[in-house]
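Since the structure comes first, as structure tokens, the remarks are kept for the end.
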2 protein chains.
Amino acid sequence: MLAIERRRLIAESVRSRGVVSVAEMAEALGTTEITLRRDLRVMAKEGLLVRTHGGAVQPMGLGHEPSYHEKSGQAAGEKAAIARLAFSMVRPGDSILLGPGTTTLALARLLVNSPELTVVTNSLLVAQALMEAPRVEVILTGGALRRSIHALVGPAAEESVRALRASQTFISGNGFSAERGLSTPSPLVAATDRALASAAQQVVVLADHTKIGQETMCQTVPAARIHTLITDSRADPNELAAIRETGVEVRVADVGEHEQSSRAAR
Amino acid sequence: MLAIERRRLIAESVRSRGVVSVAEMAEALGTTEITLRRDLRVMAKEGLLVRTHGGAVQPMGLGHEPSYHEKSGQAAGEKAAIARLAFSMVRPGDSILLGPGTTTLALARLLVNSPELTVVTNSLLVAQALMEAPRVEVILTGGALRRSIHALVGPAAEESVRALRASQTFISGNGFSAERGLSTPSPLVAATDRALASAAQQVVVLADHTKIGQETMCQTVPAARIHTLITDSRADPNELAAIRETGVEVRVADVGEHEQSSRAAR
DNA sequence: TCGCTATTGATTGAAAATGATCGATACGCT
DNA sequence: AGCGTATCGATCATTTTCAATCAATAGCGA
């Protein structure tokens, strides 16, 4: 096996799995750990990976953001189930909008192998996830970077979606109630989400049970403008009933037994 | 077997498999490794493949562009020196534009502790780097995601910078010559870079020595529209003189002794 | 046939890559 | 904190690969 070929495989492994171990790779590539260590050292110097004890990890820049990831561990199983249900509503050839949030991010990760799709988003994390999706056309809105949610907001963001029209918008938020609809704590984010919502024929809200019945400061979209809410089975049934009253179609995602949210974030 | 025939088979093998090994091909073609090496040397000089130890690989640029990871290691010390010089040109309170590229990314990393700055960029990596810069306002252009360079391009990107006006633009490219100015292989990228350049009073090009004198397909900005070129001390002096003739201010960054990049590009 | 040239094969010393050993260091566990 | 284990880096030996030079062969025209 050629050295360059070996390194290409290592790079690929790092990109796809995030981490590699020296022993494991040496075994897989049929070489010794010494050689592999040398490869890793060279590749680390080139910035292709970051060396750690016993292996190497993906350099920060592609892949997973830790601070944001802590949050995504909460109700991870539920979020994944919601994302799967939302995924089933996407048809090949569609143009869809994705807002920021851990649940929409989970949806984006499911879209990686999807064929022929156009995704418009203001979330850097969604864009990052779809970097791996060769057949998905990704369009980012412009806008000012809001660090806390890794998303683009502000007038520029709203302006750039004004010209667009998509079949569906998938957005999330911090609270959803029958009375107030979808809400978030930040006026800037709310305004941008509102722009996303108004650019699509169908507005789908992804909100796990921790958000149902919650109300936060700024209304994003009133319930009347929302077509579908996808949540999970631990949401308060009374509130869901009230939401249905307002004309929103409520769909409840089934959480597989193996992915209860009791599990800690990795 | 004719030499032409043999080389055609080699080229085909490289194209289809990405890599060939000397021993393997010699076996397959029924010739000796010496002859095969000679073939590879000639073909490498013609740019049909890139020679490596033990074999050869597909030239990056045809099959797939060099993923930015691969490029980021080349001339790393020089790039850092160029970035430092560019950094000294940025004044607090400025609004600047940053294009995509490993050198502009290095500049962005230096800006992390900079106070009171507005940065407009179409590079996701620059945005990511500035995520850590609490006092830098980051604005992303919109646009279609170009995966190979992790940047936003296309009409939407150009449109979103049209309304902006900054004091300086820092852009990079794949080639810079006195005759052709700044150039890149992709028309889409070139158009977007051009839009960035036209939005600022001062256009600064960051290009390490490997790009000086090179010409690629699409002209981004003619030399006449460029105010300053920052490069490193290994650049061809004759070409730099010719560039100065066109009225471009050429500044040469000093590479610290500890960060030579003697390693050849692979 | 003769002479010329281009291509191929062989040899050799140098360079690179690989593998192994050993002391030093870091990590995990109690 | 202390100890055992795993990992790391450096150095040296071995193998592989490379480039340069020289010899041999085949093709070609006069």
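Please read all numbers here as calculations on a predicted model, not as lab measurements. Proteins get letters first, then strands, A, B, ... in listed order; numbering begins at 1 in each.
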Would you mind reading off the distance between [X] atom [atom1] and [N] atom [atom2], rounded to a whole angstrom?
{"X": "A:Leu40", "N": "C:dT18", "atom1": "CG", "atom2": "P", "result": "13 Å"}
{"X": "A:Glu33", "N": "C:dT18", "atom1": "CD", "atom2": "C1'", "result": "14 Å"}
{"X": "B:Arg41", "N": "D:dC18", "atom1": "CZ", "atom2": "P", "result": "10 Å"}
{"X": "A:Met1", "N": "C:dA17", "atom1": "CE", "atom2": "P", "result": "16 Å"}
{"X": "A:Leu29", "N": "C:dT18", "atom1": "CG", "atom2": "C1'", "result": "14 Å"}
{"X": "A:Asp39", "N": "D:dG9", "atom1": "CG", "atom2": "P", "result": "13 Å"}
{"X": "A:Met25", "N": "D:dT7", "atom1": "CE", "atom2": "P", "result": "16 Å"}
{"X": "B:Leu36", "N": "C:dT8", "atom1": "CG", "atom2": "C1'", "result": "13 Å"}

So if I take every side-chain heavy atom of [X] and compare against [options], which nucleotide ends up nearest?
{"X": "A:His53", "options": "C:dA17, C:dG9, C:dC27", "answer": "C:dC27"}
{"X": "B:Arg37", "options": "C:dG19, C:dG9, D:dT17", "answer": "D:dT17"}
{"X": "B:Thr31", "options": "D:dA19, C:dG9, C:dG19", "answer": "C:dG9"}

Examine the side chains of B:Ser183 and B:Glu215 and answer whether a donor and an acceptor come within less than 3.5 Å of each other. no
Partner of A:Leu140 under side-chain contact (heavy atoms from CB on, under 4.5 Å), chosen from A:Asn122, A:Val119, A:Thr121: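 When side-chain contact (heavy atoms from CB on, under 4.5 Å) is applied between A:Leu140 and each of A:Asn122, A:Val119, A:Thr121, only A:Thr121 qualifies.
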Once you apply a heavy-atom cut-off of 4.0 Å, does B:Thr52 come out as touching a base, just sugar-phosphate, or nothing? sugar-phosphate
Checking only heavy atoms, does the side chain of A:Arg38 share a donor-acceptor pair with the base of C:dG19 at less than 3.5 Å? yes
Is [X] close enough to [N] that one of its side-chain N or O atoms is under 4.0 Å from OP1 or OP2 there?
{"X": "B:Arg6", "N": "C:dT8", "result": "yes"}
{"X": "A:Thr32", "N": "C:dT18", "result": "no"}
{"X": "B:Arg51", "N": "D:dT17", "result": "no"}

Within a radius of less than 6.0 Å around CG of B:Asp236, do more than 12 heavy atoms belonging to other residues, nucleotides or ligands occur? yes
Using heavy atoms to find the nearest nucleotide of DNA chain C for A:Ala3 and B:Arg7 separately, return the residue whose nucleotide is more 5′.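 On the 5' side of the pair lies B:Arg7.
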Are any non-hydrogen side-chain atoms of B:Thr231 and B:Phe176 less than 4.5 angstrom apart? no
Could you tell me whether B:Arg17 and B:Glu24 have a side-chain N and a carboxylate O separated by less than 4.0 Å?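 Here B:Arg17 pairs with B:Glu24 in a salt bridge, since their nearest N and O are under 4.0 Å apart.
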